[in-house]
Amino acid sequence: MSSVTVRAPATVSNVVCGFDCLGFALTEPFDEVTVSLRSQPGISIEPDAIFGLPTDPTENVAGVALAAFARAAGYDGGFEVTIRKGIKPGSGIGSSAASSCGAVFAANILLDQRFAPDELIGIAMSGEERASGSKHADNVAPCIMGGFVLVRSADPLDVVRLEHPPLWAALLHPQIEIRTAEARAMLPTQVPLADAVRNWSNLGAFVAALASGDLELLSRSMEDCIIEPARKRLIPGFDKVVAAARSAGTIGAGISGSGPSMFALCASEYDAHRTVAAMLEAFGESNIEVNTYLSPIDPEGVRIL
Ligand code: HSE
């Protein structure tokens with residue numbers, strides 16, 4: 001095989017109470033990434049027709065991740081890459097992670113599966129680091145592994161795939177761009193101990209509730225007193241949208257990743273439909289266009305198309 005195309009899913013990270021350490025994969029939307037081997041060294045990237053992403057491999061997250069892959073594999077040939085972005089850059093649903101993960105997952109198939117999934121996560125994180133200036137795995141890990149993933153440690157990497165009941169996500173994506181690096185720069189560097197206790201109590205309860213399927217506890221745990229209060233002013237209508245989702249009976253709602261997308265976790269497809277309608281109505285007064293997505297938690301993660 002000298003060429004392979006994979007689909008790399010969008011992901012919701014942070015999940016309200018798990019900043020930088022909790023994420024899950026979506027079935028929709030996704031990027032399609034095609035990687036081909038070539039004998040000459042170097043990485044060439046097809047221009048992206050819609051979003052105009054960089055074709056310089058040192059500037060494109062997929063190129064950065066593939067260069068890290070080649071170094072780790074001791075591979076001295078080259079790659080040709082085409083990315084069809086289904087996930088808009090700067091949307092808060094793991095666009096850069098999908099491109100990085102898709103590229104390294106495809107390269108790994110072409111080079112005889114040299115790396116295990118957790119090694120691929122570590123390699124794909126170099127693309128994420130290029131995009132955000134920070135080494136976090138809460139999008140990359142669920143994109144590679146599927147499902148819900150807890151990142152106990154990003155360096156050295158230690159990730160845990162979490163058991164969970166069947167769940168759906170409803171997403172509202174206002175068509176504004178928030179750069180992760182900027183959304184990180186505005187975060188507090190120190191937090192009161194009481195706030196830290198509250199957040200790690202919520203995260204522990206959230207993981208326990210996922211395992212037991214206790215949706216009431218899951219709902220109470222989806223609270224964050226550190227990150228969302230700092231970031232929500234970047235997102236028009238945030239409080240109204242979350243309140244509308246909660247009133248529509250969702251389990252919980254908040255910022256997806258660093259925004260601007262907002263997500264709600266739902267117990268069923270029916271609840272997800274009702275919730276996204278309520279979120280849309282609450283957002284409706286602003287003049288900003290939106291996209292919406294409804295998706296179950298994707299169990300598989302990146303895979304051959
Ligand atoms: N955990 C990251 C953040 C996700 O919130 O900054 C975005 O890449």
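Remember, it's 1-based here, ligands and their atoms both numbered in the order they're listed.
- Here Phe115 and Phe69 bring their ring centres to under 6.0 angstrom of each other.
- For Arg184, the CZ atom counts as densely surrounded, since its 6.0 Å shell holds more than 12 non-hydrogen atoms of other residues, nucleotides or ligands.
- Glu281 CD: 12 or fewer foreign heavy atoms inside a 6.0 Å radius.
- For Glu182, no heavy-atom contact with ligand 1 is shorter than 4.0 Å.
- Thr34 and Thr82 share no donor-acceptor pair across their side chains, judged by distance under 3.5 Å alone.
- Residue Asn14 places at least one N or O, backbone or side chain, under 3.5 Å from an N or O of ligand 1.
- The nearest protein atom to atom 4 (C) of ligand 1, hydrogens excluded, is given as Ser13 OG, 3.3 Å; this is a heavy-atom distance.
- At a heavy-atom cutoff of 4.0 Å, ligand 1 is contacted by the side chain of Asp138 but not by its backbone.
- Numbered from 1 in the order shown, with element, the atoms of ligand 1 that lie under 4.0 Å from a heavy atom of Asn139 read 4 (C), 7 (C), 8 (O).
- Contact annotation: for Ile227 versus ligand 1, there are no heavy atoms closer than 4.0 Å.
- The nearest heavy-atom contact from the protein to atom 8 (O) of ligand 1 is His136 NE2, 2.9 Å.
- One finds no salt bridge joining Glu119 and Arg114 here, because no Lys/Arg side-chain nitrogen approaches an Asp/Glu carboxylate oxygen to under 4.0 Å.
- The closest approach between any non-hydrogen atom of Ser132 and ligand 1 is not below 4.0 Å.
- Of all atoms in ligand 1, numbered sequentially from 1 with element shown, those under 4.0 Å from a heavy atom of Asp20 are 1 (N), 2 (C), 3 (C).
- Atoms of ligand 1 lying under 4.0 Å from any heavy atom of Phe19, numbered from 1 in the order shown and given with element: 3 (C), 5 (O), 6 (O).
- The ligand atoms of ligand 1 that sit less than 4.0 angstrom from a heavy atom of Arg231 are 3 (C), 5 (O), 6 (O).
- For atom 3 (C) of ligand 1, the closest heavy atom belonging to the protein is Arg184 NH1, 3.2 Å.
- Taking the six-membered ring for Trp and thresholds of 30 and 60 degrees, Phe24 and Phe263 have ring planes more than 60 degrees apart, a perpendicular arrangement.
- Each of Val12, Leu162, Val151 was evaluated against Leu22; a single residue qualifies, Leu162, per the side chain to side chain contact (heavy atoms under 4.5 Å, CB included) test.
- Judged by distance alone, the side chain of Asp31 and the main-chain N or O of Gly86 form a donor-acceptor pair under 3.5 Å.
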